[in-house]
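Structure first, commentary second.
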Amino acid sequence: MKYNFTDIEKRQQKLWEEKEIFRLDDRSASKPYYCLEMFPYPSGRIHMGHVRNYSIGDVIARFRKMRGFDVLHPMGWDAFGLPAENAAIKHGIHPAKWTYENIDYMRRQLKRMGLSYDWSRELATCDPEYYRWEQLFFIEMLEKGLVYTKKSKVNWCEQCQTVLANEQVEEGRCWRCDTEVEERELDGWFFRITAYAEELLEGCDHLKGWPEKVLIMQKNWIGKSIGAEITFPVKGKDQPIKVFTTRPDTLFGVTFMSLSPEHPMAMELAMGTDQEDNVRTFIEKWKRSLKSERYGETEKEGVFTGSFALHPVTGKEIPIFIANFVLMEYGTGAVMAVPAHDQRDFEFAKRYHLPIRLVILPRDSEIDPENMSEAWEGPGILVNSGHFDGMDNQEAKKAIVDFLEKEGKGTPKVTYRLRDWGISRQRYWGAPIPIVHCPNCGAVPVKKEDLPVKLPFDVEFDPKGRSPLPYLKSFYETTCPRCGADARRETDTMDTFVESSWYFARYICPDDKNRPLDKDRVDRWLPVDQYIGGIEHAILHLLYSRFFTRVLRDLGYLSASEPFDRLLTQGMVLKDGAKMSKSKGNVVDPNTMIERFGADTVRLFILFAAPPERDLEWSDRGVEGAHRFLQRIWRLVTDNLEDLKNVRGKEYSSPAQAASRHQALKKLRQKTHQTIGKVTQDIEERYHFNTAISAVMELANETASVLRRESASGDSIPEDALWPVVLEALETILLLLSPVVPHITAELWTLLGHERIISLEPWPEADKDAAKIDNVTIVVQIKGKVRGKVQVPAGASQEEVEAAAMEETNVKRHLEGKEIRKVIYVKDRLLNIVV
RNA sequence: GCCGAAGUGGCGGAAUUGGUAGACGCGCUAGAUUCAGGAUCUAGUGGGAGCUAUUCCCGUGGGAGUUCGAAUCUCCCCUUCGGCACCA
């Protein structure tokens, strides 16, 4: 019988669909398990990254199901986004049509992979029935003060004709098209993610099932700094300048002050001084410079303002500079400069010949205050610091802030790097922001009962790429929900990351027409037990989802604080050492591979070639190898089908009895049950599918070798003993492999005469007695070098093993004339004799 | 610059807690089968030495250390990848 994977896969998939075996009734589940993979953007067709992502998720979902869990395993589409609009401009096809056609095609592709999704829960985020709820959240967040609008400097991508969030700018470039980002002043809507900064940071410590790497990236992104805000009076002015510092201990080392060129007082300080022209020139030059020129480590430059601040403790005059390296967005836009203990201030002081005043003396290294070559940023003892002298600098931080606070000159302060999430996009293909701009009332939310604000379909696309919405009268012309006056509808749409920040919750109740989330149902399933996706979302999507979950919790929609209990970040799929991409021409198309080898082979290869978190090198030879293995399994069952089927009909020995009748069978049975243990552990605890698969390969090899020896040496093993043990081994192989290669195992399972679909079978349990090893090989080392091996019964005492070891000729040879000083014995493993 | 991860045969990788380094697969070599190729099967496959023995030496990026014993722990260095990047 030939392994006709095309027919088999088609037939099995049809059967699963007809019998709805992966459909879940979430309300009657007694052992809920939520397995989720990041949903795809319907870009056209799936790529190997998707294949890997979904194969990993499918093994976990199928495994859990066989372990008796009620598995929620949904799939949907992250369907809003710019490529759809670009396609519209380029090919004249409507974004909706383009998107839904892609969804249809990609859904077929996913189905061909044999993934165990409950397709009845499928959703697309561009569906008004989906985004209407998001508009509702927006309004409720607005009511709670979690949404606000402001005019601000934003990241603008000219190519995409839209604003980008901070998280979407990578090295000063657009995350999507790599265009250099410009700065623009624009009105925009913001989600107050900073209100949750502390909670999001603190939450990282409880996400035990997340990779450390992702948590560190999130923590860094939130960027908490503990310090103080200190007020410096300005000589001859009423208004003081506030600075933020994490080093209040260095307060007495302040010799000047640096302001950002964007600081509101920058120009004012220079007015009327002889520095006025210099400062104006400097600021103007800075404003003209590109963001990319300011970015990174550029030469420190600045200009004196002509004004002086007064040291809050000593009252000494401190020159105020404008400096190119001071960021307006962080802290207060002004810094107290301590050149002796901050490298940037040090470089600046050197360049402009400003005094350097040492106030922290390191304990063990010598510093010559006259000839410092770099700032000392380490710990030490305070000097030149008035009555704080002699104090440890860590203690001094608190002491000085306490002192300033008492004097009314400073307060403890915590600052975060995280900025609020700008969600306005000047794009068409997104969820409309449910706001109306009224000349009398200002920005007014749409009435909840009027939701959704539907995205209009009959639009003309602008070849320059601008959104058509601001030009579409029928859309923007409206009346104020509050006063009824003629008003203009908001024409920006929401960042598509908003949709993906809560889709995992909607999958639980996609059928609910009356509310976004049914709390009772949602609370049973969230957080997601296992989430799987690419590392590229380490900050973006994963941070936004964590934020959104907390918002929904505080709006009363659900109880969870975290969306994802465990997170698995899979590595990339590479070809010839590089990420697959059209421009490099190293793309391997999943379709081609599935046609040539079948979905099972592709799944098997991709899971076998590397552990999931690591990058995976695509290898055509490796795929052939995976296919060969499946062929072997196929033959192993079909070549012996009659004998195997006979086992149940005839009065054969039970596997346990049969094993006791022949050594080779005992060994095979032992291997069978050991493999169950190993595979279960590898999948359940470690997600190391590669080693799980290799363990099954070993069992298959052992089974084949028993059969081969049997046929070669005639009838040394009685049939009624052989076949029960071989059948047990083969059925175990099928069950253990079924989450990985569901089609071939299902087919063979049926051929062996089983009525029930293999995916509905319980996961095998290892028989501890059968798996037990009775003889172990103990390594005998002499001074840590292997000199021999001895066979002893498992659990043998040190005396027994020593006695056996002394019989070994090679061991004897090495011990000759030497004195045994010490013997180390590790039970069932090794004996080390030290001479 | 800072933070993090990784470095093991010709290749992908294994070694879960410090205890036989190289499981499993790919590739390669030889043989069987075959008209041939492919497929399949069998045996071998880290390097070196060798009185061919149940042998010895070397070997997990490099160097030191801890230990009876280190791919695994500690310190220093090198390389690659990822993240952040003047965050006061």
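Every chain is numbered from 1 and lettered A, B, ... according to where its sequence line falls, protein lines coming before strand lines.
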| For atom CG of A/Asp249 and atom C1' of B/rA88, their distance in whole Å | 13 Å
| query | Heavy atoms under 4.0 Å, any strand shown: does A/Gln781 hit a base, just sugar-phosphate, or nothing? | reply | base
| message | If a pair means Watson-Crick or G-U wobble with both distances below 3.5 Å, what does RNA chain B look like in dot-bracket form, with | marking bases paired to a different strand? | response | (((((((..(((......[....)))((((((.......))))))((((.....))))..(((((..]....))))))))))))....
| Nearest-Å distance for atom pair CD1/P, residues A/Ile633 and B/rG25 | 11 Å
| request: Would you mind classifying the nucleic acid contact of A/Ser619 as base, sugar-phosphate or nothing, using non-hydrogen atoms under 4.0 angstrom? | output: nothing
| query | When we call it a touch if two heavy atoms are under 4.0 Å apart, what does A/Asp615 touch: a base, just sugar-phosphate, or nothing? | reply | sugar-phosphate
| query | When we call it a touch if two heavy atoms are under 4.0 Å apart, what does A/Glu685 touch: a base, just sugar-phosphate, or nothing? | reply | nothing
| message | Need one value for A/Glu617: base, sugar-phosphate or nothing, where a base atom within 4.0 Å counts as base even if backbone is also close, heavy atoms only. | response | nothing
| task | Just label B/rG22 as syn or anti from its O4'-C1'-N9-C4 or O4'-C1'-N1-C2 angle, using within 90° of 0 for syn. | result | anti
| request: Name the nucleic acid region contacted by A/Ile824, choosing base, sugar-phosphate or nothing; use a 4.0 angstrom heavy-atom cut-off, strictly under. | output: base
| said: I need the CD1-P distance between A/Ile216 and B/rC81, as an integer number of Å. | reply: 20 Å
| Is there a side-chain contact between A/Val243 and A/Glu229 (heavy atoms, below 4.5 Å)? | no
| So what does A/Arg417 touch, heavy atoms closer than 4.0 Å: a base, only the sugar-phosphate, or nothing? | base
| query | If you measure from the C1' atom in B/rG9 to the same atom in B/rC26, how many Å do you get, rounded? | reply | 13 Å
| request: With heavy atoms under 4.0 Å as the rule, sort A/Lys827 into base, sugar-phosphate or nothing. | output: nothing
| request: Measure from NZ on A/Lys678 to P on B/rA15 and round the result to the nearest Å. | output: 6 Å
| said: Does B/rG82 have OP1 or OP2 under 4.0 Å away from a side-chain N or O of A/Arg614? | reply: no
| remark: Which of A/Ile56, A/Ile606, A/Val573 passes side chain to side chain contact (heavy atoms under 4.5 Å, CB included) with A/Val51? It is A/Ile606
| task | Say whether A/Tyr330 and A/Ser225, considering side chains only, have a donor N or O and an acceptor N or O under 3.5 Å apart. | result | yes
| P atom, B/rG18 versus B/rC41: distance in rounded Å? | 40 Å
| said: Once you apply a heavy-atom cut-off of 4.0 Å, does A/Gly788 come out as touching a base, just sugar-phosphate, or nothing? | reply: nothing
| request: Determine: side-chain N/O of A/Asn701 to OP1/OP2 of B/rG25, distance under 4.0 Å, yes or no. | output: yes
| query | Do A/Ile230 and A/Pro312 touch side chain to side chain, with heavy atoms closer than 4.5 Å? | reply | yes
| Gap in Å between the two C1' atoms, one belonging to B/rU20 and one to B/rU60, rounded | 15 Å
| message | Mind checking if A/Val696 touches a base, just sugar-phosphate, or nothing, with heavy atoms under 4.0 Å? | response | nothing
| query | Between A/Lys789 and B/rU20, is there a side-chain N or O to OP1/OP2 distance below 4.0 Å? | reply | no
| Below 4.0 angstrom from OP1 or OP2 of B/rA14, is there any side-chain N or O of A/Asn690? | yes
| message | Between A/Val779 and A/Val326, which residue's closest nucleotide on RNA chain B lies nearer the 5′ terminus? | response | A/Val779
| task | Consider the side chain of A/Ser694, meaning its heavy atoms from C-beta on, and name the nucleotide among B/rC68, B/rA23, B/rG13 that approaches it most closely. | result | B/rA23
| task | Report which part of the nucleic acid A/Arg344 touches: base, sugar-phosphate, or nothing (heavy-atom distance under 4.0 Å, all strands). | result | base
| Step-by-step side-chain contact (heavy atoms from CB on, under 4.5 Å) determination, A/Leu354 to A/Phe321 | CA-CA 11 Å; A/Leu354 295 159; A/Phe321 281 75; 3.8 Å; yes
| message | Distance check, C1' atoms only: B/rG61 and B/rC81, in whole angstrom units. | response | 15 Å
| task | For A/Lys300 and B/rA88, give me the distance from atom NZ to atom P, rounded to whole Å. | result | 14 Å
| field | B/rA15 versus B/rC73 - spacing of their P atoms, nearest Å | value | 14 Å
| task | Take the protein atom NZ of A/Lys579 and the nucleotide atom C1' of B/rG82, then report the distance between them rounded to whole Å. | result | 12 Å
| Flag side-chain contact, heavy atom, 4.5 Å: A/Gln394 against A/Lys397 | yes
| said: Taking the nucleotide of RNA chain B with the nearest heavy atom to each, does A/Val826 or A/Lys822 sit closer to the 5' end? | reply: A/Val826
| Is any side-chain N or O of A/Ser225 closer than 4.0 Å to OP1 or OP2 of B/rA88? | yes
| field | Contact check, side chains of A/Tyr687 and A/Ile60, non-hydrogen atoms, under 4.5 Å | value | yes
| field | Criterion side-chain hydrogen bond (donor to acceptor under 3.5 Å, both in side chains) on A/Glu800 and A/Ser797, from CA distance to verdict | value | CA-CA 5 Å; A/Glu800 290 172 80; A/Ser797 69; 3.1 Å; yes
| request: Establish, with yes or no, whether the OP1 or OP2 oxygen of B/rC26 is under 4.0 angstrom from a side-chain nitrogen or oxygen of A/Arg628. | output: yes
| query | Phosphate oxygens OP1/OP2 of B/rG10: is one of them under 4.0 Å from a side-chain N or O of A/Arg621? | reply | no
| request: Take A/Phe325 and A/Phe348 through the test ring pair (Phe, Tyr, Trp, His ring centres under 6.0 Å) and record every step on the way to the result. | output: CA-CA 10 Å; A/Phe325 64 91; A/Phe348 195 85; 5.8 Å; yes
| request: Using atom OH of A/Tyr330 as one end and atom P of B/rC86 as the other, report the distance to the nearest whole Å. | output: 12 Å
| Do A/Ile633 and A/Ile733 have side-chain heavy atoms sitting under 4.5 Å apart? | yes
| said: On the six-membered ring of A/Trp221, is A/Arg417 placed so that its NZ or CZ lies under 6.0 angstrom from the centre and within 45° of the ring axis? | reply: yes
| said: Say we look at B/rU8 and B/rA23: how far apart would their C1' atoms be, to the nearest angstrom? | reply: 13 Å
| message | Give me the distance, rounded to whole Å, that separates B/rG13 from B/rU67 when you measure between the C1' atoms they each carry. | response | 29 Å
| No-hydrogen, no-angle side-chain donor-acceptor test under 3.5 Å, A/Arg614 and A/Gln570 | no
Using the 3.5 Å cut-off, write out each protein N or O paired with an N or O of nucleotides 51-58 of chain B and the distance between them.
residue : atom : partner  : partner atom : Å
B/rU54  : O2   : A/Glu808 : OE1          : 3.3
B/rU55  : O3'  : A/Arg813 : NH2          : 3.3
B/rC56  : OP1  : A/Arg787 : NH1          : 3.0
B/rC56  : OP1  : A/Asn810 : ND2          : 3.3
B/rC56  : OP1  : A/His814 : NE2          : 2.7
B/rC57  : OP1  : A/Arg787 : NH2          : 3.1
B/rC57  : OP2  : A/Arg787 : NH1          : 3.2
B/rC58  : OP2  : A/Lys785 : NZ           : 3.2

| said: Does A/Val834 reach a base, just sugar-phosphate, or nothing at all? Heavy atoms under 4.0 Å. | reply: sugar-phosphate
| What interatomic distance, in whole Å, is found between P of B/rA70 and the corresponding atom of B/rA21? | 10 Å
| A/Phe597 versus A/Leu630: any side-chain heavy-atom pair under 4.5 Å? | no
| task | Kindly say if A/Arg635 contacts the phosphate of B/rC41, meaning a side-chain N or O under 4.0 Å from OP1 or OP2. | result | yes
| task | Write down the distance between NZ (A/Lys219) and P (B/rC84), rounded to a whole number of angstrom. | result | 17 Å
